[in-house]
Undergrad: 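My questions all concern the structure below.
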Amino acid sequence: MTLDEYLSHYIVSSEIIIYLLIALGGLIVSLTIILLSSTLLANKVKRSKKVFFYNKANNLIERFFEMIFSGTSILSFLAAYYLIDRFVTTGSFRAFWDKHSDMLLLVMIILSCVINSCLDRVIVPLKVIDREQKASVRMIGMLYIILIFVYIKFIYENNNYDGFIAYFLGLMVGRFAYFDASFADFIKSVKLAAKNLPLLILGLSYTGFMCFVGFSSRYLLISNGVLVSTFIAHIFMVIAIAIIYHSRILKLVIRKPKASAKRTSRDSADYTQYDDTPAEDYANYNESYNDYDDDYSEDFDDYSEDEYYD
């Protein structure tokens, strides 16, 4: 098949809608698993269960989104590299490609980092997880891609990506054990990455489901490269994430904990008093209104960032 034939196969509105609905279904199941696990963890804490659930669920969901974004950005430059190498066979660009393919691969890697930043800052802004958590998820994202390669190699018996597997193994080892890192830094990197292993399993399950449905329905084609088809599946996964995020469904499911009844009644009393008080007493009302319930405030301080991240 030519490139035009591949494009005409994928750009069919009815099949696009069906596959997108499948992506949404798989995402909803994945998010449900995260919410259930957050609920189970919240039930184990002694107090402020709603506060713990709210922070834990948001943290896990954003890390899951970041893992999908990381995998998509990596697959983007790998798919581009594969397609260029396969379909651009003649001409001056091919000669330039053959001569400078390693340098161009490095440029594509840099562009993939830009794509990743665009996904988690512009398309779906991730505001809960910090830079350290994003970095650890991206590290485990390399393992995510390596496992996809291993699946392609042994399940589809395709040896075309052996070079990529060796390349990414080197990158992953380099992220964990860089030249000036101490043993303590290495252990810390491993521990941070290990916290994302459950999300790695969930992400691979979501990807496997999308690929299984895609190849079974023949919407995804093995003939154009399993790697490219996996990237196409990830595009639908990213679109599904964007739809769920911007629909604000998650905000309805994960409600921010309200202040305690003690604080609410106090604020109501203060407001009523303000209605009957001369304007010159506004400063006293304002001070009273900002006197938040100490117990409620302490609930947020009882849990460190690390507890939500575990």
Undergrad: Sequence neighbours left out, what passes ring-ring contact (aromatic ring centres under 6.0 Å, His included) with F209? Give chain and number order.
TA: none

Undergrad: Quick one: CZ on F231 to CG on L220, what's the gap to the nearest 0.5 Å?
TA: 12.5 Å

Undergrad: Determine, step by step, whether I115 and F77 satisfy the side-chain contact (heavy atoms from CB on, under 4.5 Å) criterion, reporting the C-alpha distance in whole Å, the side-chain angles of both residues, the deciding distance to 0.1 Å, and the verdict.
TA: CA-CA 10 Å; I115 292 173; F77 82 82; over 6 Å; no

Undergrad: What are the two closest heavy atoms between L202 and S30, and how far apart are they?
TA: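 Result for this residue pair: CD2-O, 3.7 Å.
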
Undergrad: Report yes or no: do I110 and L119 belong to one cluster of Ile/Leu/Val/Met/Phe/Trp/Tyr joined by side chain heavy-atom distances under 4.5 Å?
TA: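 No, separate clusters.
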
Undergrad: Do you reckon V12 sits in the same ILVMFWY cluster as F215, going by side-chain contacts under 4.5 Å, direct or chained?
TA: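 Shared cluster, no.
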
Undergrad: Taking atom types as modelled, find out whether Q133 and N196 have a side-chain donor-acceptor pair closer than 3.5 angstrom.
TA: no

Undergrad: With S70, which residues qualify under side-chain contact (heavy atoms from CB on, under 4.5 Å), at least two apart?
TA: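 So S70 forms a side-chain contact (heavy atoms from CB on, under 4.5 Å) with I74, N116, R138.
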
Undergrad: What residues form a ring-ring contact (aromatic ring centres under 6.0 Å, His included) with F96, not counting sequence neighbours?
TA: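 In terms of ring-ring contact (aromatic ring centres under 6.0 Å, His included), with neighbours along the sequence ignored, F96 is linked to H100.
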
Undergrad: Please go through I201's hydrophobic cluster and name the other residues, only I, L, V, M, F, W, Y counting, with side-chain heavy atoms under 4.5 Å joining them.
TA: none

Undergrad: If you look only at pairs with a residue in residues 104-126, which of them pass as a ring-ring contact (aromatic ring centres under 6.0 Å, His included), with sequence neighbours excluded?
TA: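 Output for this query is empty, none listed.
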
Undergrad: Is it true that M142 and L111 fall in one hydrophobic cluster, defined by side-chain heavy atoms closer than 4.5 Å?
TA: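 No, it is not one cluster - the side chains of M142 and L111 are not joined through contacts under 4.5 Å.
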
Undergrad: Does K195 reach the side chain of R63, with side-chain heavy atoms less than 4.5 Å apart?
TA: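 SC-SC contact between K195 and R63 confirmed.
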
Undergrad: Given side-chain contact (heavy atoms from CB on, under 4.5 Å), test Y151 with T230 step by step and report yes or no.
TA: CA-CA 11 Å; Y151 178 82; T230 305; over 6 Å; no

Undergrad: Compare every heavy atom of I145 with every heavy atom of G71, then report the nearest pair and how far apart it is.
TA: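 G71 and I145 have their closest heavy atoms at O-CD1, 3.7 Å.
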
Undergrad: Please list, chain by chain and in numerical order, all residues satisfying side-chain hydrogen bond (donor to acceptor under 3.5 Å, both in side chains) with Y206, sequence neighbours excluded.
TA: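 Applying side-chain hydrogen bond (donor to acceptor under 3.5 Å, both in side chains) to Y206 gives none.
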
Undergrad: Counting only pairs under 3.5 Å, give me each side-chain donor-acceptor contact of residues 31-41, with atom names and distances, residues two or more places apart or in other chains.
TA:
from: T32; atom 1: OG1; to: I28; atom 2: O; distance (Å): 2.7
from: S37; atom 1: OG; to: I33; atom 2: O; distance (Å): 3.3
from: S37; atom 1: OG; to: I34; atom 2: O; distance (Å): 2.7
from: S38; atom 1: OG; to: I34; atom 2: O; distance (Å): 2.9
from: T39; atom 1: OG1; to: L35; atom 2: O; distance (Å): 2.8

Undergrad: Taking only residues two or more places apart in sequence, or in another chain, which ones meet I243 in a side-chain contact (heavy atoms from CB on, under 4.5 Å)?
TA: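 I243: side-chain contact (heavy atoms from CB on, under 4.5 Å) contacts with L20, L24, I239.
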
Undergrad: Measure across F53 and A42 and return the closest heavy-atom pair with its distance rounded to 0.1 Å.
TA: CB-CB, 3.9 Å

Undergrad: What are the two closest non-hydrogen atoms of L200 and M67, and how far apart are they?
TA: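 Scanning both residues completely, I find the closest heavy atoms to be CA-SD, 3.4 Å.
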
Undergrad: Once you round to the nearest 0.5 Å, how far does OG of S136 lie from CG of D130?
TA: 8.5 Å

Undergrad: Working to the nearest 0.5 Å, report the span between NZ of K44 and NZ of K49.
TA: 11.0 Å

Undergrad: Output all residues satisfying side-chain hydrogen bond (donor to acceptor under 3.5 Å, both in side chains) with R94, sequence neighbours left out; order by chain, then residue number.
TA: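 So R94 forms a side-chain hydrogen bond (donor to acceptor under 3.5 Å, both in side chains) with D85, D98.
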
Undergrad: Between atom CZ of F64 and atom CD1 of I129, what is the distance when rounded to the nearest 0.5 Å?
TA: 12.5 Å

Undergrad: Could you go step by step and tell me if I140 and L143 meet the side-chain contact (heavy atoms from CB on, under 4.5 Å) rule?
TA: CA-CA 5 Å; I140 211 71; L143 179 58; 4.1 Å; yes

Undergrad: Check whether L75 and V107 end up in the same hydrophobic cluster, where Ile, Leu, Val, Met, Phe, Trp and Tyr are linked by side-chain heavy atoms less than 4.5 Å apart.
TA: no

Undergrad: Using a 3.5 Å distance criterion without hydrogens, assess whether the side chain of S229 forms a donor-acceptor pair with backbone atoms of L221.
TA: yes

Undergrad: Holding to side-chain hydrogen bond (donor to acceptor under 3.5 Å, both in side chains), I want the full list of residues that pass it with S76, two or more places apart in sequence or in another chain.
TA: none

Undergrad: Can you sort out the partners of S112 under side-chain hydrogen bond (donor to acceptor under 3.5 Å, both in side chains), two or more places apart, ordered by chain and number?
TA: none

Undergrad: Do you reckon V150 sits in the same ILVMFWY cluster as I152, going by side-chain contacts under 4.5 Å, direct or chained?
TA: yes

Undergrad: Would you say the side-chain atoms of N58 pair up with the backbone N or O of Y54, donor to acceptor, closer than 3.5 Å?
TA: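 Indeed, once roles are kept as given, a pair shorter than 3.5 Å links the two residues.
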
Undergrad: Take I61 and I254 through the side-chain contact (heavy atoms from CB on, under 4.5 Å) test and state the conclusion after the steps.
TA: CA-CA 11 Å; I61 287 173; I254 311 172; 3.5 Å; yes

Undergrad: Say you draw a straight line from CG of L27 to CE of M237; how long is it, rounded to the nearest 0.5 Å?
TA: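 Between L27 CG and M237 CE, I get 8.5 Å after rounding to 0.5 Å.
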
Undergrad: Between E66 (side chain only) and K134 (backbone N and O only), is there a donor and an acceptor less than 3.5 Å apart?
TA: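 Here the side-chain-to-backbone pair does not exist.
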
Undergrad: If the condition is ring-ring contact (aromatic ring centres under 6.0 Å, His included), which residues does Y19 pass it with, not counting sequence neighbours?
TA: Y219, F236

Undergrad: Ignoring hydrogens and geometry, is there a side-chain-to-backbone donor-acceptor pair from E62 to K127 under 3.5 Å?
TA: yes

Undergrad: How far apart are the closest heavy atoms of A242 and V124, and which atoms are they?
TA: CA-CG2, 3.8 Å

Undergrad: Locate the shortest heavy-atom distance separating I16 from I11; write the atom from each residue and the value.
TA: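 Heavy atoms of I16 and I11 come nearest at CD1-CA, 4.1 Å.
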
Undergrad: Measuring from atom OH of Y144 to atom CG of L204, what distance do you get when rounded to the nearest 0.5 angstrom?
TA: 6.0 Å

Undergrad: Looking at D120, I123, V137, which one forms a side chain to side chain contact (heavy atoms under 4.5 Å, CB included) with F69?
TA: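 Considering D120, I123, V137, a side chain to side chain contact (heavy atoms under 4.5 Å, CB included) with F69 is found only for D120.
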
